[in-house]
**Student:** 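First the structure, then my questions, so here it is.
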Amino acid sequence: MSKSKPKINVIGTGGSIAGIGPHRLDYTQYAELGNKFTIEESLQRIPEVGEIADIQSENLISIGSGAIGPNEWLRLAQRINNILKTGDVDGVVVTHGTATLEETAYFLNLTVKSQKPVVVTGAMRPPTAIGTDADLNLIDAIRVAASPEAGGKGVLTILNNEIHSARDVHKANTLRVETFRANELGFLGYSDSDGKVMFYRAPTRRHTSLTCFDIDGLTELPRVDIVYAYGGSDSLLIDAVRRNHSDGMIMTGFGAGTFPPEMLDAGSEAVKEGIPVVIASRSTAGRTVITPRTTKLGFIVADNLQPPKARVLLMLGLTTTSDHDVLQQMYLEY
Ligand code: ASP
């Protein structure tokens, strides 16, 4: 009896992986023109996936990922939870623009309630360009989602044959196909030309079914803004966040979490007004750490989460609590 193939649901959201350029040498203008293939048209380009899995597909949205934010994260996570709960599906693939792919992937990593593989992919060169990575990345994503070893590892990303944890990955280069990096933490494995999916390590932080977040029925998320430290930065941006009465703020500091004096004072005022403030770093690797001063001023530290992901976690954390210590603990666990 022949073994049945894994059933994979592919959800299209747009991005370069679906982009239609004006000619074969266009690597930038397609995004401004906004024309896109449907996910069915993308799949028709790679009939080889029929050997790997039985595919169902749907177009959730069709936009550049610069236009994807909290509303789309909620829709996508709710849709995936629904598919994995009710459908006869072994894994889910999401195609997405690379600009905010890391934020969406981390949001899903914290809100999808399943141990089945969920894999997010994109492309740096649209399918209409010479040397496109769109087709291979989509095949790889389906291969990873169809692989039992990918289960239980949280949401994964794949581009350039490299599998990353959604928590650690970020877009590190504006144009190169090897843009997705986890700095010194490294990637988790490969999807390679011999058709094998190989894992060498697994994430240690809590994810998916093991988080305390439940976004079922949620229609909006708390508003969290990010401000950035630079030589001589003062209270201007933080005052705007305070005036706006945002629900939370990420302060992106130097190194392990320091700021120009005026900016620090403004951040401390925000905490006194009841705005939870998380300290992240503008360095792209390493931790921000709890010090006597951060403790005294009531700040939370982001550990090694980059600012956009520290924001995602605070938005979700604030749906469950506003307690400083509980929020701080989340940054050490998720
Ligand atoms: N503009 C694209 C986006 O949707 C970029 C990409 O997909 O690489 O993020």
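FYI, side chains are in, hydrogens and waters are out, and symmetry mates aren't considered; it's all heavy atoms of this structure. Just follow the structure's listing: the first ligand is 1, and inside any ligand the first atom is 1. If you read the sequence from its start, that first residue is 1, and numbering goes on from there.
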**Student:** Ala123: heavy atom below 4.0 Å from ligand 1, yes or no?
**Tutor:**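 It does, in that a heavy atom of Ala123 comes within the 4.0 Å cut-off of ligand 1.
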**Student:** Could you tell me whether the side chain of Thr211 and the main chain of Leu110 form a donor-acceptor pair under 3.5 Å?
**Tutor:**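 Pair found, side chain donor or acceptor close to backbone of Leu110.
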**Student:** Please compare Thr98, Thr95, Thr100 and report which has the shortest non-hydrogen distance to atom 8 (O) of ligand 1.
**Tutor:**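 Answer by nearest heavy atom: Thr98.
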**Student:** For atom 4 (O) of ligand 1, grab the closest protein heavy atom and report residue, atom and distance to one decimal in Å.
**Tutor:**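 Ranked first by proximity to atom 4 (O) of ligand 1 is Ser65 N, 2.6 Å.
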**Student:** Mind checking whether Ala99 has an N or O less than 3.5 Å away from an N or O of ligand 1?
**Tutor:**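 In this structure, Ala99 places an N or O atom under 3.5 Å from an N or O of ligand 1.
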**Student:** Keeping Asp247 on the side-chain end and Leu318 on the backbone end, is there a donor-acceptor pair under 3.5 Å?
**Tutor:**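 The answer is no, because no donor-acceptor pair under 3.5 Å joins these two groups.
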**Student:** In terms of ring plane angle, is the pair His164 and Phe187 parallel, tilted or perpendicular, where the classes change at 30° and 60°?
**Tutor:**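 Taking Phe187 first and then His164, their aromatic rings stand perpendicular (interplane angle over 60°).
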**Student:** Nearest to atom 1 (N) of ligand 1, what protein heavy atom do you find, and at what distance?
**Tutor:**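 Looking at atom 1 (N) of ligand 1, the protein heavy atom closest to it is Ala31 CB, 4.0 Å.
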**Student:** Looking at Phe199, I'd like to know if the NZ or CZ of Lys153 sits under 6.0 Å from its six-membered ring centre while staying within 45 degrees of the ring's axis.
**Tutor:**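 Yes, cation above the ring, under 6.0 Å and within 45°.
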**Student:** Check each atom of ligand 1 against the heavy atoms of Gly64 and keep those under 4.0 Å away; list them by number with element.
**Tutor:**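 Answer for ligand 1: 4 (O).
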**Student:** Given 3.5 Å as the limit, does a donor-acceptor pair link the side chain of Glu58 with the main chain of Ile39, or not?
**Tutor:**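 It does not hold such a pair.
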**Student:** Run the numbers for me: atoms of ligand 1, each under 4.0 Å from some heavy atom of Gly15, listed by number.
**Tutor:**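 Counting from 1, the qualifying ligand atoms are 4 (O), 7 (O).
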**Student:** Between ligand 1 and Tyr30, is the shortest N or O to N or O distance under 3.5 Å?
**Tutor:**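 In this structure, Tyr30 places no N or O atom under 3.5 Å from an N or O of ligand 1.
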**Student:** Just to verify, which of Ile215, Leu218, Val224 counts as forming a side chain to side chain contact (heavy atoms under 4.5 Å, CB included) with Leu316?
**Tutor:**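 Of Ile215, Leu218, Val224, side chain to side chain contact (heavy atoms under 4.5 Å, CB included) with Leu316 is met by Ile215 alone.
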**Student:** Salt-bridged, Asp303 to Arg205, with N to O below 4.0 Å?
**Tutor:**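 A salt bridge links Asp303 with Arg205.
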**Student:** Around atom 6 (C) of ligand 1, find the nearest protein heavy atom and jot down its residue, atom name and distance.
**Tutor:**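 Result: Ser16 OG, 2.6 Å.
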